[in-house]
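First comes the structure, then the notes that go with it.
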Amino acid sequence: MELTSELFLKRTSITRLFIFLSMYVLCFLLSIKLAPDFAVPILLLITISPPIIIYVARNNFNLVLLYIALLPLVQHLNIYSIKVSDFVISPHMIFQGVIMFVVAADYFISTDGYDNNSLQKLDKLLLLFVFLSIPSLIFGYSLPVNHEKRWLLFYTGMFEPLILYFIVFYYLSKDSTNIKKIVIALLFTSLSSLIVASIELRSIGLDAVKIYLSRMRIGFGYHNTNLYGIHSTLLVPIVVYALQSKEFKETRLFALVSLLILSILTILCFNRGTIISIGMELLLLLFLKNSRRIVYWILLGLLVFCIIFNKVILFYALRFFGGETGTYSNVSPLLDSSASYRLDAWKTGLKLLFYFPWGMGAGSFQYGWMMYGTDPSIYLGTPHELFLSIGVDYGVIPLILFIGILFIAVNQCWELSKIKLGNVENSLYQHIIISIIGFVLYGLVTDGELSHLTGFRIPNNGYTLVLVTLFAIVSSGMVESSRKRVSLV
């Protein structure tokens with residue numbers, strides 16, 4: 001019997017190796033065909049890559065953790081994106097491509113540690129979400145829009161998050177205790193953001209006035225502080241979890257440093273939606289007994305910060321009550337000009353959902369605004385609302401699916417928070433619920449896109465990648481929960 005099992009494993013390994021080598025040769029031939037001028041570099045790259053990829057795959061997927069930890073830094077490096085024909089290739093695409101090969105190498109070569117489970121509920125919904133958004137790409141060709149931008153936004157907003165979800169899920173399927181490593185990698189993103197902030201603020205300095213005036217071109221990794229606000233909103237509950245969890249006792253100091261960095265950079269965003277969303281998250285965290293004390297210390301720290309740096313409070317007063325320039329809209333004395341245009345964008349977005357229920361294609365809102373908006377001379381680019389953005393870009397059905405994905409993720413977190421799993425404290429899932437609520441609230445009141453282009457060629461989607469990483473943690477928890485139920489039967 002043992003001999004038969006060994007023979008089966010040996011044949012399985014040979015089959016996987018044959019498939020991997022076949023794909024390797026096919027990729028090489030396609031590369032030579034598509035880029036004959038780069039034949040020699042491609043040959044060298046493909047020759048030296050397999051040993052490196054196999055080595056990394058055999059060493060606990062350190063590259064996956066590094067990728068997550070460096071997300072803001074890698075996003076920042078997208079300023080070095082290069083145009084290839086009608087598409088743009090960014091450093092982030094290359095980094096994620098290498099990780100895809102690492103996972104492929106491990107899947108085809110490794111014979112242990114992975115339980116080949118059927119697709120989970122979130123797996124199916126995410127795949128369906130991406131598949132049903134494809135018609136928007138096809139229809140977009142009939143509109144006079146920037147097709148290069150449309151394809152780039154689809155790739156970075158749909159394909160890249162889907163790939164990362166399955167990469168992280170596969171990593172956790174190898175060993176569910178890796179959830180702790182993923183959480184630590186997420187904490188490390190604050191250090192990555194600090195590195196980028198030191199680069200961006202080098203010429204500006206720590207002058208609150210200059211930071212306030214420059215907030216649309218800096219973003220601590222996201223080229224726009226509004227986008228960093230989404231990243232921060234998703235991470236605050238996770239950092240609070242790491243601070244109160246016994247599982248992270250040995251890394252508590254690091255979690256505290258991460259919270260400090262995250263708090264300072266969040267304040268320097270000067271973004272209303274971020275403050276509202278994180279304020280709601282802190283309020284919800286007060287209902288979690290173990291997190292309550294952490295929230296009190298955060299509020300005390302913010303109070304001290306406001307007393308010492310009172311100029312920041314004046315800028316936030318301007319942001320909340322004076323709009324971009326301190327002028328009020330003639331629509332209503334209660335609305336500043338920024339909020340007034342935002343409401344107009346929402347109204348236009350609702351019209352476009354009715355006129356184009358199949359979607360206009362990613363990044364096509366400006367065309368709809370020029371056709372149906374109140375002031376076509378103003379460039380808005382997006383509806384400045386998460387759900388309208390998804391509906392206008394990809395269609396009503398993908399929008400409904402996305403809402404369903406959020407509801408199911410929250411529901412599964414609620415189920416997991418009541419179960420004692422051996423791989424992680426169940427309070428993690430309570431904090432993920434709060435992260436998702438904060439993400440939705442931010443998307444409702446401020447902005448939200450699955451991917452945003454800066455300067456029409458610099459993609460920013462790191463916040464969506466953080467979201468799908470949390471989804472992967474939830475799916476992994478459901479798998480572990482199923483295993484536990486089976487073992488008890």
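This is a predicted model, so every value here is computed, not measured.
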Quick check: do [X] and [Y] have side-chain heavy atoms less than 4.5 Å from each other?
{"X": "I99", "Y": "L164", "result": "no"}
{"X": "F95", "Y": "L63", "result": "yes"}
{"X": "F387", "Y": "V440", "result": "yes"}
{"X": "H452", "Y": "Y463", "result": "yes"}
{"X": "S364", "Y": "V392", "result": "no"}
{"X": "I278", "Y": "S232", "result": "yes"}
{"X": "Y379", "Y": "M370", "result": "no"}
{"X": "R217", "Y": "H223", "result": "no"}

### Message
Quick check on side chain to side chain contact (heavy atoms under 4.5 Å, CB included): which of I238, L428, N178, V468 does I473 satisfy it with?
### Response
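Exactly one candidate clears the test, L428.
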Are [Y] and [X] an aromatic pair, judged by ring center distance below 6.0 Å?
{"X": "F254", "Y": "F188", "value": "yes"}
{"X": "F471", "Y": "F169", "value": "no"}
{"X": "F154", "Y": "F159", "value": "no"}
{"X": "Y67", "Y": "H92", "value": "yes"}

Rounded to the nearest 0.5 Å, how far does [atom2] of [Y] lie from [atom1] of [X]?
{"X": "T251", "Y": "I184", "atom1": "OG1", "atom2": "CD1", "value": "4.5 Å"}
{"X": "T469", "Y": "L71", "atom1": "OG1", "atom2": "CG", "value": "7.0 Å"}
{"X": "L416", "Y": "Q430", "atom1": "CG", "atom2": "CD", "value": "11.0 Å"}
{"X": "T266", "Y": "L235", "atom1": "OG1", "atom2": "CG", "value": "9.0 Å"}
{"X": "I434", "Y": "L234", "atom1": "CD1", "atom2": "CG", "value": "13.0 Å"}
{"X": "L444", "Y": "H384", "atom1": "CG", "atom2": "NE2", "value": "15.0 Å"}

Which heavy-atom pair separates [X] from [Y] by the least distance, and what is that distance?
{"X": "L187", "Y": "S190", "value": "O-OG, 2.8 Å"}
{"X": "G229", "Y": "T274", "value": "CA-OG1, 3.2 Å"}
{"X": "S193", "Y": "L265", "value": "CB-CD1, 3.7 Å"}
{"X": "L125", "Y": "L401", "value": "CD2-CD2, 3.8 Å"}
{"X": "S291", "Y": "L285", "value": "CB-O, 3.8 Å"}
{"X": "G391", "Y": "L353", "value": "C-CD2, 3.3 Å"}

### Message
Run K210 and E200 through salt bridge (charged side-chain N to carboxylate O under 4.0 Å, His left out) and show every step you take.
### Response
CA-CA 12 Å; K210 292 181 179 179; E200 292 178 330; over 6 Å; no
Between [X] and [Y]: side-chain donor-acceptor atoms closer than 3.5 Å:
{"X": "Q75", "Y": "N461", "answer": "yes"}
{"X": "N271", "Y": "T225", "answer": "no"}
{"X": "Y241", "Y": "N290", "answer": "no"}
{"X": "T156", "Y": "S451", "answer": "yes"}

#### Entry: For I94, all residues meeting side chain to side chain contact (heavy atoms under 4.5 Å, CB included), sequence neighbours excluded
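Side chain to side chain contact (heavy atoms under 4.5 Å, CB included) list for I94, sorted by chain: I89.
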### Message
Would I134 and Y394 count as a side chain to side chain contact (heavy atoms under 4.5 Å, CB included) here? Give the steps.
### Response
CA-CA 8 Å; I134 294 176; Y394 304 110; over 6 Å; no
Backbone N or O of [Y] within a donor-acceptor pair of the [X] side chain at under 3.5 Å?
{"X": "W414", "Y": "Y429", "result": "no"}
{"X": "S198", "Y": "I195", "result": "yes"}
{"X": "S277", "Y": "T233", "result": "no"}
{"X": "H431", "Y": "S427", "result": "yes"}
{"X": "S214", "Y": "I211", "result": "no"}
{"X": "S133", "Y": "V130", "result": "yes"}
{"X": "Y165", "Y": "L126", "result": "no"}
{"X": "N460", "Y": "I458", "result": "yes"}
{"X": "W369", "Y": "T382", "result": "no"}

#### Entry: Ring-face cation contact, Y155 with R150, 6.0 Å cut, 45° max
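Geometry flag: not set, cation outside 6.0 Å or 45°.
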### R252 charged N/C atom sitting above F248 aromatic ring, 6.0 Å / 45°
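Here R252 fails the 6.0 Å and 45° test against F248.
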### R292 atom CZ, over 12 foreign heavy atoms within 6.0 Å
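Result for CZ/R292: enclosed.
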### Message
So for atom OH, which belongs to Y372, do other residues, nucleotides or ligands contribute more than 12 heavy atoms lying within a distance under 6.0 Å?
### Response
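Yes, because the 6.0 Å sphere around OH of Y372 holds more than 12 heavy atoms from other groups.
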### Criterion side-chain hydrogen bond (donor to acceptor under 3.5 Å, both in side chains) on Y212 and D207, from CA distance to verdict
CA-CA 9 Å; Y212 176 78; D207 188 319; over 6 Å; no
### Query
What orientation do F220 and Y228 show, parallel under 30°, tilted 30 to 60°, or perpendicular over 60°?
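If you compare the ring of F220 with that of Y228, the planes turn out perpendicular.
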### Query
Which word best sums up how the rings of Y141 and W151 line up, parallel for under 30°, tilted for 30 to 60°, or perpendicular for over 60°?
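Judged by the thresholds at 30° and 60°, the geometry between Y141 and W151 is tilted.
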### Message
Set out, in order, the CA-CA distance, both residues' side-chain angles and the distance that settles side-chain hydrogen bond (donor to acceptor under 3.5 Å, both in side chains) for Y222 and T454, then state yes or no.
### Response
CA-CA 9 Å; Y222 291 94; T454 301; over 6 Å; no
### Task
Verify side chain to side chain contact (heavy atoms under 4.5 Å, CB included) between H231 and V466, making sure each step is shown before the conclusion.
CA-CA 7 Å; H231 176 94; V466 173; 3.9 Å; yes
### Task
Go through the steps for W297 and L243 under the test side chain to side chain contact (heavy atoms under 4.5 Å, CB included), then give the verdict.
CA-CA 11 Å; W297 280 108; L243 279 171; over 6 Å; no
#### Entry: Check ion pair E385-K347 (N to O, under 4.0 angstrom)
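Salt bridge: no.
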### Task
Report the C-alpha distance between L153 and D393 in whole Å, list the side-chain angles of each, state the deciding distance to 0.1 Å, and finish with yes or no for side chain to side chain contact (heavy atoms under 4.5 Å, CB included).
CA-CA 10 Å; L153 280 171; D393 285 351; 5.6 Å; no
